[in-house]
Amino acid sequence: MGKIQLLSEHIANQIAAGEVVERPSSVVKELVENSVDAGSTRIDVTIEEGGLQLIRVSDNGSGMALEDCELAFQRHATSKISTSKDLFSIRTLGFRGEALPSIASVSRLECVTSSTNDGLGRKISIEGGTIRSVEETAASRGTEVSVRELFYNTPARLKYMKTIQTELGHISDYLYRLALAHPGIAFSLKHNSNLLLQTLGNGDLLQVIAGIYGTAIGKQMLPIQVESLDYTITGFVAKPEMTRANRGGISTIVNGRYVRNFALNQALLQGYHTLLPINRYPVAVLHIGMDPALVDVNVHPSKLEVRFSKEAELTALIEAEVKRLFGRQVLIPQGMKPAAPKGAYVQEQLDLTRTVEPAAGSSASTPAASSAIPIPLPDSTIQRVSVDSESTVLPQVKEAGTSYRPESVSISRPPAVEPQRSSTAPATSGTSYSSRPSSPSNNSYTSTAGSNPRSMSIQQQRRTNEAFMDLLPSKQEGEAPTLPAFPRLDPIGQMHGTYLVAQNEEGLFLIDQHAAHERINYEYYYERFGNPAEASQELLVPITLEFTPSEAGIIAEKLSLFEQAGVYMEAFGGNTFLVRAHPHWFPSGEEKGIVEDMCEWVLSEKKAVDIAKLREKAAIMCSCKASIKANQGLSVLEMETLIDRLSGCRNPYTCPHGRPIVVSFTTYELEKMFKRVM
């Protein structure tokens, strides 16, 4: 006798259930997708004990005719595909015809459905894949499917189910995605009589996002909309300040179907680029519309993974549009701006701002002469005060109840502090600070805290300021400002030698001086790495690098990549390599460390190394090592120079690692803190 035999319908359904029904969330997915395909405007999901005890899905869709009720639970029965051509233009969520019979084979299922409004329907009961009863019953238009005791006849599957909270988490997560995919449908989810999700179904996607992720995130979402010949992309992406520890906040929806696609997620992250901190991910909901012929949704039984025929064009479109969106935004993190209640008492404010007149013989256009300095006013008449041997006349305050107008006075700012060379920087005889090339270098100049400005000559002060400016790349002539323009900030101090304190008419700003300098240097080095070969200089004493045998083999294959980045290396026998040349604008004293970091990054890349990414990583390494560090005092002119260079950057809001550079406190927030606004 032959050994091959046909499986019974019951066993075949149980095998199919192993592919389709992995856990309770799989049942919810299949049933809710059928409700969506039925044209429902309201879908209610009820769960008990994580879905193992009960899953009930009811909708107000088209329902099933009486003759279709039994046929729907047969294998490969579907109303969504008629010919093989339909597989190339799938517009529904469910189409395989395996879900209902697979679910019924591992549970006790009851289905009540009606396709009319006459109050008559049909109820079918199935237990372990066997139909127990079919009868007519009273029912409103729509379908209600109840699945009880899931996996009761497959104890091995039941044994490996996770905790109730874990299974509930999978169910709620998918319901959230489906609600984001179909904001025009009112969804509700209850677990053990506790309401977990409720949407209005009014088509407002932002309202659904706020209901799922919270109003704080909802207020930080930015709309995105772009269209090409093949794709239409709409949705919302969060500002970089709103991040999560995983990719769970990213939802990509293709033709109304939530999908998981690595390439689309990477395109979104590339759009954020240096705006995100390391290991942080954004919240985003992208609706992608396309011709069904351009996507294959039948590559996996769960239908969560899809393939695109023009994936490169789609990812490029997403990345470009996200970058364009953030290029139009001011990305300075701010506190909440609650509206002042009607009838609120606002304390009257006096204008205490005075202008600084230029010193005799100086230009009125200098930064020191154009600043406005707020001054405190004592209760009594203010006397003449001596500042650096120059007198400052303060306004005479009139008696209480009378108005006054501050007079313009002159005040001299303390000169910049003379910086000192770092002990690691090579001494160059016969070269003054001002003769150094205008390019970033190592932290060779540090302000000396506590030095006496009066003991410095005018020439020393000028050399000090010029030396610090040499640390910053010069702004290019005719350079277009960032759109929208970076706000004008006037420095008023420094906190802990690390944060600059600045102000403008909008409020108070804190600036991370290291992050700001790092952004300036990054954009400078990024441009330089675009053509590094012309800037390479041969070394008198080559740099020696050693690797393990396996690492040496990889580096030997990638020498051409290093040459494209301006670093010329050659094998020196064994596992040793010599660096013969590198760009002359590498930070002084950090050349070996930068080349080593570049090698480590190349070794860590498992895929093919992209020269553009190598240049970007090298630019980040150079910018970090060449930037001023924390706990370094700066003069007022040095602060102004740093802010001025930062305002000329293409992205002055985050450092290359994604950390924020500027944080603001609005005037209204400060007034609320001090109870000036009640």
Side-chain angles (χ1 to χ4, degrees), residues 274-275 327 330-332 365-371 413 416-417 419 433-434 436-447 462-494 497-504 509-530 585 587-588 619-620 622-630 632-657 659-664:
T274 59
L275 298 177
V330 175
L331 300 177
I332 299 178
S365 61
T366 60
S370 61
S371 301
R413 286 188 174 178
V417 181
Y433 293 157
S434 59
R436 297 176 68 251
S438 178
S439 62
S441 63
N442 191 25
N443 187 14
S444 302
Y445 302 95
T446 57
S447 298
R462 182 178 296 114
R463 287 199 301 269
T464 296
N465 295 328
E466 291 175 350
F468 178 79
M469 294 180 189
D470 285 343
L471 292 174
L472 303 173
S474 301
K475 297 177 68 175
Q476 300 296 328
E477 293 295 334
E479 181 178 357
T482 305
L483 296 177
F486 188 76
R488 180 183 180 275
L489 303 179
D490 298 320
I492 56 179
Q494 189 180 25
T498 302
Y499 303 101
L500 308 185
V501 184
Q503 67 175 356
N504 64 13
F509 295 79
L510 296 180
I511 303 171
D512 187 328
Q513 65 186 37
H514 173 73
H517 197 188
E518 200 172 18
R519 165 55 66 175
I520 297 168
N521 286 337
Y522 166 73
E523 296 195 1
Y524 170 84
Y525 283 120
Y526 190 81
E527 294 294 334
R528 286 297 187 96
F529 269 108
W585 33 257
S588 176
I620 293 176
C622 290
S623 64
C624 184
K625 296 180 184 297
S627 299
I628 56 177
K629 305 301 188 291
Q632 176 176 341
L634 300 178
S635 69
V636 174
L637 183 56
E638 291 170 344
M639 299 179 197
E640 291 175 341
T641 304
L642 186 66
I643 295 176
D644 181 60
R645 295 293 188 268
L646 178 65
S647 66
C649 293
R650 290 185 295 272
N651 172 25
Y653 306 110
T654 61
C655 76
H657 305 98
R659 292 193 301 107
I661 295 175
V662 187
V663 177
S664 69

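Every heavy atom of this structure was used, including side-chain atoms; hydrogens, water molecules and symmetry mates were not.
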Open item on the list: Treating Gln632 as the side-chain partner and Gly497 as the backbone partner, does any N or O pair qualify as donor plus acceptor under 3.5 Å?
Closed with: no
- [ ] For residues Trp585 and Arg528, report the shortest heavy-atom separation together with the two atoms involved.
- [x] CD1-NH1, 2.7 Å
TODO: Can you measure from CG (Asp644) to OG (Ser647) and round to the nearest 0.5 angstrom?
DONE: 4.5 Å
Open item on the list: If I compare all heavy atoms of Met639 with all of Gly493, which pair ends up nearest, and what's the gap?
Closed with: SD-O, 3.6 Å
Task: Partners passing side chain to side chain donor-acceptor pair (under 3.5 Å) against Thr654 (at least two apart in sequence or in another chain) - done: Asn651
Open item on the list: Looking at Leu634, is its backbone amide N or carbonyl O close enough to the side chain of Gln494 to form a donor-acceptor pair, meaning the two atoms are under 3.5 Å apart?
Closed with: yes
Open item on the list: Within this structure, what is the CG-CG distance for the pair Leu331 and Leu275, rounded to the nearest 0.5 Å?
Closed with: 6.0 Å
Open item on the list: Among Arg659, His657, Arg519, which residue satisfies the side-chain hydrogen bond (donor to acceptor under 3.5 Å, both in side chains) criterion with Thr274?
Closed with: Arg519
Open item on the list: With a 3.5 Å distance limit and no angle check, can you tell me whether Lys629 reaches the backbone of Ser627 through a side-chain donor-acceptor pair?
Closed with: yes
Task: Partners meeting ring pair (Phe, Tyr, Trp, His ring centres under 6.0 Å) with Tyr499 (sequence neighbours left out) - done: none
Open item on the list: Angle between ring planes, Tyr653 versus Phe486, binned at 30° and 60°: parallel, tilted or perpendicular?
Closed with: tilted
Open item on the list: Show the nearest heavy-atom pair for residues Ile661 and Pro652, with the distance to one decimal.
Closed with: CD1-O, 3.7 Å
Task: Distance (rounded to the nearest 0.5 Å) between Gln503 CD and Arg488 CZ - done: 10.0 Å
Task: Thr498 side chain reached by His514 side chain, heavy atoms, under 4.5 Å - done: no
Task: CG on Leu489 to CD1 on Ile332, rounded to 0.5 Å - done: 6.5 Å
Task: Side-chain heavy-atom pair Val501, Leu510 within 4.5 angstrom cut-off - done: yes
Task: Inter-residue atom distance Cys649.SG - Ile520.CD1, 0.5 Å rounding - done: 5.0 Å
TODO: Looking only at non-hydrogen atoms, find the nearest pair between Ile628 and His517 and report the distance.
DONE: N-ND1, 2.9 Å
TODO: Write down the atom of Pro491, the atom of Val636, and the distance for their closest heavy-atom approach.
DONE: CG-O, 4.3 Å
Open item on the list: As an exercise, state the distance from NZ of Lys625 to CG of Asn521, rounded to the nearest 0.5 Å.
Closed with: 13.0 Å
- [ ] State, to 0.1 Å, how close Tyr525 and Ala626 come at their nearest heavy-atom pair, and which atoms those are.
- [x] OH-CB, 3.8 Å
TODO: Check whether any side-chain heavy atom of Pro656 sits under 4.5 Å from a side-chain heavy atom of Tyr526, and report yes or no.
DONE: no
